[in-house]
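Working notes, structure below.
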2 protein chains.
Amino acid sequence: METDDDVPLILTWDDANSGLLNEETEGADESKYGGGNYDVVNNAVIATPGPQNYRSQNASLRHSWEMNYQEAAIYLQEGENNDKFFTHPRNPKALAAYLFAHNHLFYLMELVTGLLLLVLSLCEAPAVPSLRLDTYVHATLELLALVMVAFELCMKLRWLGFNTFIRHKRTMVKTCVLLLQFVEAIVVLIRQTSHLRVTRALRPIFLVDCRYCGAVRRNLRQIFQSLPPFIDILLLLLFFMVIFAILGFCLFSPNPSDPYFNTLENSMVSLFVLLTTANFPDVMMPAYSRNRWCCIFFIVYLSIELYFVMNLLLAVVFDTFNGVEKMKFKSLLLHKRCAIDHAFQLLVSRQRPMGVSLKQFDGLMRFYRPRMSARDRYLTYKALNTSGAPMLSLQDFYNFYEVIGLKWKARRSGEHWFDDLPHTTFLIFKGINLLVKSKAFQYTMYVVVAVNGIWILVETYMLNSGFSWSRFVPWSYIVFLTIYGVEVLLKVAGLGPMAYISSGWNLFDFSVTVFAFLGLIALAFDMEPFYFIVVLRPLQLLRLFKIKQRYRNVLDTMFELFPRMASLGLTLIIFYYSFAIVGMEFFADVIFPNCCNTSTVADSYRQINVTIGNRTVLEEGYYYLNNFNNILSSFVTLFELMVVNNWYITMEGVTSMTTHWSRLYFMTFYIVTMVVMTIIVAFILDAFVFRMNYSRKNREPPENPEEENGIVFEVEVSRDEALATLELYKQTRLGLSLLSSLQGVLQAMDRGGHTSLVYQGRRSRTKSDLSIKMYQEEIQEWYAEYSRENQRLERVLDSPVSEPPPPFTGPQGVRT
Amino acid sequence: METDDDVPLILTWDDANSGLLNEETEGADESKYGGGNYDVVNNAVIATPGPQNYRSQNASLRHSWEMNYQEAAIYLQEGENNDKFFTHPRNPKALAAYLFAHNHLFYLMELVTGLLLLVLSLCEAPAVPSLRLDTYVHATLELLALVMVAFELCMKLRWLGFNTFIRHKRTMVKTCVLLLQFVEAIVVLIRQTSHLRVTRALRPIFLVDCRYCGAVRRNLRQIFQSLPPFIDILLLLLFFMVIFAILGFCLFSPNPSDPYFNTLENSMVSLFVLLTTANFPDVMMPAYSRNRWCCIFFIVYLSIELYFVMNLLLAVVFDTFNGVEKMKFKSLLLHKRCAIDHAFQLLVSRQRPMGVSLKQFDGLMRFYRPRMSARDRYLTYKALNTSGAPMLSLQDFYNFYEVIGLKWKARRSGEHWFDDLPHTTFLIFKGINLLVKSKAFQYTMYVVVAVNGIWILVETYMLNSGFSWSRFVPWSYIVFLTIYGVEVLLKVAGLGPMAYISSGWNLFDFSVTVFAFLGLIALAFDMEPFYFIVVLRPLQLLRLFKIKQRYRNVLDTMFELFPRMASLGLTLIIFYYSFAIVGMEFFADVIFPNCCNTSTVADSYRQINVTIGNRTVLEEGYYYLNNFNNILSSFVTLFELMVVNNWYITMEGVTSMTTHWSRLYFMTFYIVTMVVMTIIVAFILDAFVFRMNYSRKNREPPENPEEENGIVFEVEVSRDEALATLELYKQTRLGLSLLSSLQGVLQAMDRGGHTSLVYQGRRSRTKSDLSIKMYQEEIQEWYAEYSRENQRLERVLDSPVSEPPPPFTGPQGVRT
């Protein structure tokens with residue numbers, strides 16, 4: 001039976017427990033820690049029912065604590081997810097909607113709906129041939145997806161309330177797009193034929209808005225924030241382009257054999273394409289053949305535009321990016337702190353307003369991490385409690401987000417996994433362990449890999465070009481594979497499976513070797529497509545780059561950058577999607593073999609039979625393949641446009657078959673990809689330089705060598721503590737499965753005969769950890785500023801603390 | 001008559017004044033400032049002959065002071081030019097050679113010789129047709145130039161001494177190249193025909209070594225310092241390339257219509273070219289037309305190589321560059337400090353070892369800046385003397401390099417240049433002044449410029465393409481030009497000519513307007529080539545960019561970067577030169593119309609007559625123009641290769657006419673330009689970000705608004721001081737022309753009736769000034785470290801201070 005002597009300092013959603021406050025006020029003035037009996041068990045205060053308690057056993061009081069736990073958990077979630085506090089649920093009805101809309105099932109539904117809408121374009125009007133669906137099928141599917149989106153929006157409306165809902169810009173845009181799409185889908189369904197549906201380009205909004213695409217949203221915001229300086233320099237670029245276009249027109253238009261400058265429009269287009277260097281020597285040649293000094297015009301133009309202003313563009317974006325990254329970090333950090341403040345206020349009781357007891361912490365965790373085992377909860381609490389006081393102070397609680405992600409594990413008493421094995425076996429494994437850890441073994445493997453590399457190169461070089469690779473297993477392949485296999489086995493045996501897979505490089509070796517084995521098996525069964533895997537084997541050579549420190553740095557950075565790179569890639573794909581839809585709507589089926597005969601690039605689209613000797617050969621200018629006939633082709637075409645080489649051939653081809661306004665599409669696409677690409681470059685530069693500065697600043701190796709790859713916390717648990725905690729948890733309504741982990745701790749102590757066990761919590765280091773270390777001093781300033789600001793606000797408002805402060809937007813108004 | 005009571009603390013080149021030390025030692029223990037009578041005139045101590053002086057009037061003593069002044073001046077010069085101290089002249093003979101080799105005439109000779117050698121290639125064997133010279137003529141010219149280089153080297157040998165000479169690496173390389181070239185030139189002269197002279201590619205060494213090309217040498221050093229990390233990442237790049245080449249060969253070689261992957265070599269070349277994107281959609285097309293999924297191979301390859309590793313390359317170089325720039329700045333700073341230390345030791349006397357008097361300072365300046373007027377010398381001394389003590393302490397003297405470059409001018413008492421004019425005129429000018437300074441006037445001009453811009457655009461657009469521009473003066477041109485002319489006149493009148501041209505933007509307006517007038521005159525006289533100037537008039541539009549702060553920042557940065565950019569460009573041209581020579585030696589005349597029929601790029605070289613209807617048109621693939629037939633063509637071809645678009649057409653053309661080893665040349669060139677270009681990008685990034693950080697750090701406007709564009713010092717001179725100084729200078733053997741400036745000061749005082757005048761010294765801000773401000777704190781540390789190091793050295797060596805310490809190379813061994 002649960003009882004509690006403490007009254008929450010703040011009562012939340014108070015329509016549910018009205019009157020509680022009046023009823024209990026007389027207890028509020030008791031001395032801080034004097035409200036009950038406490039079993040002080042090694043620093044943790046656990047409240048047990050004391051004799052002088054108001055044994056009202058008030059269900060309402062318990063209920064109000066539960067509500068507080070839940071709201072605190074929601075605050076912490078909002079801090080973690082960087083949700084604005086003005087979307088915080090205000091009443092129990094909103095809470096229900098909030099809870100419904102914040103779980104992985106709902107998120108997944110959002111994601112699936114968003115993806116479904118995007119994937120539909122594979123089957124709609126200019127469809128991929130094998131996936132074509134009838135109009136009524138895809139229109140019905142679309143309607144279905146849209147209804148689901150509408151349902152999601154309704155839930156959001158219910159949670160946010162009407163006023164907040166219409167203030168939330170992203171949601172409003174989504175609503176408008178949804179309405180538009182609804183109307184269109186119904187029209188399509190009625191007419192049974194697709195009209196010009198450019199609005200499909202807006203579909204990615206549904207994907208971007210879903211919870212799992214937070215990274216993409218952040219990228220988009222960063223791109224928009226970097227836009228103003230970008231546009232400024234772009235104008236400079238275009239300005240020079242126009243000046244040179246006028247100049248070029250005046251200089252070269254008298255030359256009748258120069259098609260690039262015969263009108264002002266052509267002159268501008270030529271110089272725009274020249275900016276991307278795609279037509280470079282060609283655009284110069286007619287003028288150059290007339291007068292050799294004409295090259296000065298082009299050299300000056302390229303030097304100014306390509307080698308100076310374009311680099312300036314990168315510099316300006318890089319500079320902005322730097323600032324934006326720091327501001328973002330700052331406002332994230334302060335948002336989290338604000339969330340913790342809110343949660344803390346909800347967790348303390350009126351009797352003890354300065355601390356959170358284990359019981360309250362556990363109540364919080366029941367809502368915040370329902371699946372976390374009792375042991376881990378307790379360990380998290382202990383890890384937070386650095387000061388050794390009987391309760392968590394606000395300062396302790398500020399570390400919440402650093403500690404919550406830890407994975408807990410008992411520290412191994414022994415050094416190796418095979419310590420407990422019989423002596424002979426132990427010796428064998430110990431030998432293997434020493435072997436695989438020796439330098440000689442490592443370098444032998446490097447030599448083997450290098451020999452393998454040279455072997456592959458020579459072998460490939462010896463093959464004739466007509467040779468069909470998949471029919472033949474070279475013996476060297478089997479030999480090297482055996483060596484790698486043995487290496488993997490030795491390493492697994494010597495280091496133990498867990499230690500082995502904890503290293504990224506080992507994991508890489510392992511997967512490459514396993515893939516190679518699979519390839520061999522596939523070869524044995526004559527399965528064609530598997531020879532992709534066979535040719536992947538040169539990847540083993542990547543291991544050679546482990547030897548040098550710089551490569552390790554670079555490759556580690558690469559792995560760290562990967563998630564962010566992936567999200568940037570996704571952002572790019574979203575732009576692609578919109579452009580692909582627009583391209584398909586306007587340019588589908590305008591390109592075909594032997595089209596574009598009126599343009600200057602007709603050769604690239606020609607497909608003719610040429611008779612050489614007595615043989616007829618099909619001579620192809622393959623460019624008709626770069627079309628917008630379906631979404632997959634469009635993506636490939638857009639990628640080619642992004643690489644900007646020869647993109648003007650596609651542009652001119654399309655233009656000659658449509659109007660010359662089509663060029664606008666291609667030029668816009670170029671500028672958009674230029675923006676995104678510049679951001680990507682700035683991102684890589686920033687991340688890399690940051691990482692390098694970090695490792696220079698922290699050159700001394702960490703005290704604990706294990707910290708190199710992550711954050712490690714250590715907590716010691718004594719038998720008495722464990723027992724007391726178990727006792728406490730038994731009182732709460734905790735599931736047996738979660739409790740068993742705590743019993744496991746006791747059993748482990750009994751088995752080993754220890755009176756205490758040390759647990760290690762571990763997580764990988766994130767960029768945020770690095771930033772915290774880099775900006776240490778500034779962070780203190782930010783915090784000071786933040787608390788000054790908070791106090792000022794409190795004074796100004798003179799309102800109870802439960803009123804959430806206005807949404808925190810960071811001092812420079814940067815939205816996070 | 002000059003006399004001096006003080007004995008120098010250190011005697012230099014002491015073979016000239018042996019015995020002086022013994023003779024004078026009894027005076028050494030006198031109290032610090034008690035050695036003579038001093039007229040203490042407003043803080044400056046000027047030694048006049050006192051009655052108790054050792055009136056030995058020792059010519060030897062005077063001589064030894066002169067020697068000390070000279071050596072101190074040389075030390076300061078070495079500090080300024082960043083010459084190593086181990087090349088310091090050691091004895092009077094070396095001194096003579098040093099002085100001979102360190103004046104502008106000698107530098108000019110070096111430069112001319114270097115340029116002559118480079119320019120010779122215009123006339124040698126594959127010569128520019130109009131400049132071809134006979135073999136004996138250019139070989140004789142070459143021999144002449146080489147003899148001059150040899151003479152320069154002899155002077156250097158005499159100055160450095162044999163031991164230092166052979167230790168100086170750059171000089172040794174130069175000597176070897178010189179010998180080689182000598183032999184070759186003689187062989188050419190004897191055989192009367194040029195052989196394969198690839199060694200001509202080494203000629204730029206003579207240019208690079210000359211004094212005026214110091215910036216190029218620094219760039220080259222920076223490039224070499226950035227090479228190790230660059231090469232590492234390049235290996236990673238090539239590694240992926242090889243892996244993908246093997247993979248591509250295995251995947252695509254079975255396709256007979258795919259010429260890009262039919263052998264392993266072709267596969268590698270194709271992927272190398274693909275790295276530069278020059279062959280992009282084409283290389284994919286044959287495979288893509290067979291199987292649409294093949295595009296994944298190319299997309300993955302480009303994503304890894306182009307979008308990731310290439311950016312990583314930039315990041316790594318940028319990171320290194322950052323560090324190198326700072327180290328360079330540090331070691332330059334400490335080198336200067338070291339030079340000042342040496343000079344100071346030579347300037348103090350045994351009686352006053354802690355200070356430099358005006359007289360000694362003046363002696364120094366006589367050697368260091370012989371052309372500086374007496375007034376400026378005195379003002380410089382006063383500017384250094386910040387502490388107000390009667391002599392310059394070492395701390396004062398440390399500011400030497402900051403002060404020496406100042407341009408001195410009496411501070412204007414009035415605000416405007418027309419203050420002294422009669423009242424009516426004054427009012428008129430005052431009106432104009434107010435007008436041109438008003439916002440309304442500025443914005444009116446912006447509007448005029450904008451209208452002009454639109455006008456030009458529209459006008460050009462309306463022209464027919466066949467129109468001959470130079471025959472026709474549009475009336476709008478005259479109208480706008482008149483407006484600009486009036487504006488210039490008003491501004492000159494309102495601000496005064498000096499204030500007008502002190503602003504870069506005004507200068508720009510002025511020159512554009514003047515050029516436009518010249519263009520008009522040229523048009524009036526029907527001079528064709530001047531219409532270049534006419535079409536330059538859109539440049540007026542650049543003024544519009546003044547409106548926005550960001551553009552002002554960017555354009556100011558542009559102007560600040562310009563000298564450095566120019567030196568980087570020169571460095572690039574030197575690489576170009578070497579590659580052009582090699583290209584000419586191997587590929588001259590291999591390319592001609594209709595060549596290369598065996599290659600895949602034959603079309604680009606074809607020149608055929610095509611009959612369309614009844615007209616015969618010459619259809620040209622102009623690529624035969626991109627050849628190595630003479631050095632000018634080679635430069636253009638190399639520029640095209642640098643832009644990397646379609647460069648493979650030139651490569652394949654040349655390869656098909658020679659051997660496939662020729663590709664090595666083109667690929668090496670690509671990699672070299674990639675290095676230089678990456679450095680340039682890193683440089684722009686670094687300079688820009690530095691500048692931005694600087695302006696953020698110093699956001700508050702400087703106290704003195706004039707300081708915005710430069711460094712300003714102010715010094716007040718009283719009448720008494722000026723008189724006393726004049727007296728002192730009359731004693732020294734100063735030329736009358738230099739003295740007159742000081743008399744001018746007195747006259748100005750008399751005229752204005754002032755008892756004192758304030759002078760302003762002004763110079764433009766350099767990057768070094770910015771760096772000093774940026775790294776303030778670190779600089780203090782460096783200095784502390786430096787003096788600790790110095791003291792340690794002195795203790796270790798226990799040698800007289802006159803012995804120069806070993807050359808300072810900076811703590812990380814970075815050479816400056």
Side-chain angles (χ1 to χ4, degrees), chain A residues 229 232-233 236 239 242-243 246-247 249-250 253-254 262-264 277-278 280-282 285-286 288-289 295 299 302 307 311-312 314-316 318-319 456-457 460-461 465-466 468-469 535 538-539 541 545 548 550-551 554 620 622 625-626 636 639-640 643 645-646 680-681 684-685 688-689 692, chain B residues 229 232-233 236 239 242-243 246-247 249-250 253-254 262-264 277-278 280-282 285-286 288-289 295 299 302 307 311-312 314-315 318-319 456-457 460-461 465-466 468-469 535 538-539 541 545 548 550-551 554 620 622-623 625-626 636 639-640 643 645-646 680-681 684-685 688-689 692:
Chain A
D232 284 344
I233 308 291
L236 196 68
F239 172 77
V242 171
I243 287 189
I246 294 173
L247 194 58
F249 171 68
C250 294
S253 62
N262 53 3
T263 67
L264 190 61
T277 75
F280 176 49
D282 306 281
M285 282 304 148
Y288 188 56
S289 75
C295 65
I299 290 174
L302 282 174
Y307 293 123
N311 289 336
L312 214 56
L314 177 63
V316 171
F318 177 62
D319 189 57
I456 292 172
L457 204 62
T460 318
Y461 196 74
S465 65
S468 165
W469 169 260
V535 285
L539 275 185
L541 304 183
F545 287 97
K548 199 162 176 182
R550 179 155 18 235
Y551 289 120
V554 166
E620 289 193 294
Y622 292 98
L625 290 170
N626 305 326
V636 175
F639 183 80
E640 288 169 13
V643 176
N645 197 65
N646 285 352
I680 289 181
V681 175
I684 293 181
L685 272 181
F688 192 83
V689 170
M692 284 318 214
Chain B
D232 285 344
I233 308 291
L236 196 68
F239 172 77
V242 170
I243 287 187
I246 294 172
L247 193 57
F249 172 69
C250 294
S253 62
N262 52 3
T263 66
L264 191 60
T277 74
F280 175 49
D282 305 281
M285 283 304 148
Y288 188 55
S289 75
C295 65
I299 291 173
L302 282 174
Y307 294 123
N311 289 336
L312 214 56
L314 177 63
F318 177 61
D319 189 57
I456 292 173
L457 205 62
T460 317
Y461 195 75
S465 64
S468 164
W469 169 261
V535 286
L539 273 185
L541 304 184
F545 288 97
K548 198 162 179 185
R550 176 153 23 233
Y551 288 120
V554 165
E620 289 193 292
Y622 292 99
Y623 275 77
L625 291 170
N626 306 327
V636 176
F639 183 80
E640 288 168 13
V643 177
N645 196 64
N646 285 351
I680 289 181
V681 175
I684 292 181
L685 272 181
F688 192 83
V689 171
M692 285 315 213

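Residue numbers begin at 1 in each chain, while the letters A, B, ... track the order of the sequences.
- The two residues B/Ser289 and A/Tyr622 make their nearest non-hydrogen contact at OG-CE2, 3.5 Å.
- Proximity to chain B is limited to the side chain of A/Tyr551, based on heavy atoms less than 4.5 angstrom apart.
- Only the side chain of A/Val242 comes within less than 4.5 Å of a heavy atom of chain B; its backbone N, CA, C and O stay farther away.
- Remark: the backbone N or O of B/Ala278 is paired with a side-chain donor or acceptor of A/Asn645 at under 3.5 angstrom.
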Subject >> side chain to side chain contact (heavy atoms under 4.5 Å, CB included) between A/Tyr307 and B/Val643, worked out >> reply: CA-CA 10 Å; A/Tyr307 293 123; B/Val643 177; 3.8 Å; yes
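- Residues A/Asn626 and B/Met285 have side chains in contact (heavy-atom distance under 4.5 Å, counting atoms from C-beta outward).
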**OP:** Kindly indicate, with the supporting measurements, whether the criterion side chain to side chain contact (heavy atoms under 4.5 Å, CB included) is fulfilled by B/Phe688 and A/Phe318.
**Re:** CA-CA 10 Å; B/Phe688 192 83; A/Phe318 177 62; over 6 Å; no
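- Both the backbone and the side chain of A/Leu314 come within less than 4.5 Å of a heavy atom of chain B.
- Note on B/Leu457, B/Leu236, B/Asn646: by heavy-atom pairs under 4.5 Å with chain A, the leading option is B/Leu236.
- Using a 4.5 Å cut-off between heavy atoms, B/Leu625 touches chain A through backbone and side chain atoms alike.
- Within the 4.5 angstrom heavy-atom criterion, atoms from both the backbone and the side chain of B/Phe280 approach chain A.
- When each of A/Val689, A/Val636, A/Leu302 is checked for heavy-atom pairs under 4.5 Å with chain B, A/Val636 comes out on top.
- A side-chain donor from one of A/Asp282 and B/Tyr623 sits under 3.5 Å from a side-chain acceptor of the other.
- To the nearest 0.5 Å, the span separating CD1 on A/Ile680 from CG on B/Asn311 amounts to 8.5 Å.
- Of the listed residues (A/Ile299, A/Leu312, A/Ile233), the greatest number of heavy-atom pairs within a distance under 4.5 Å of chain B belongs to A/Ile299.
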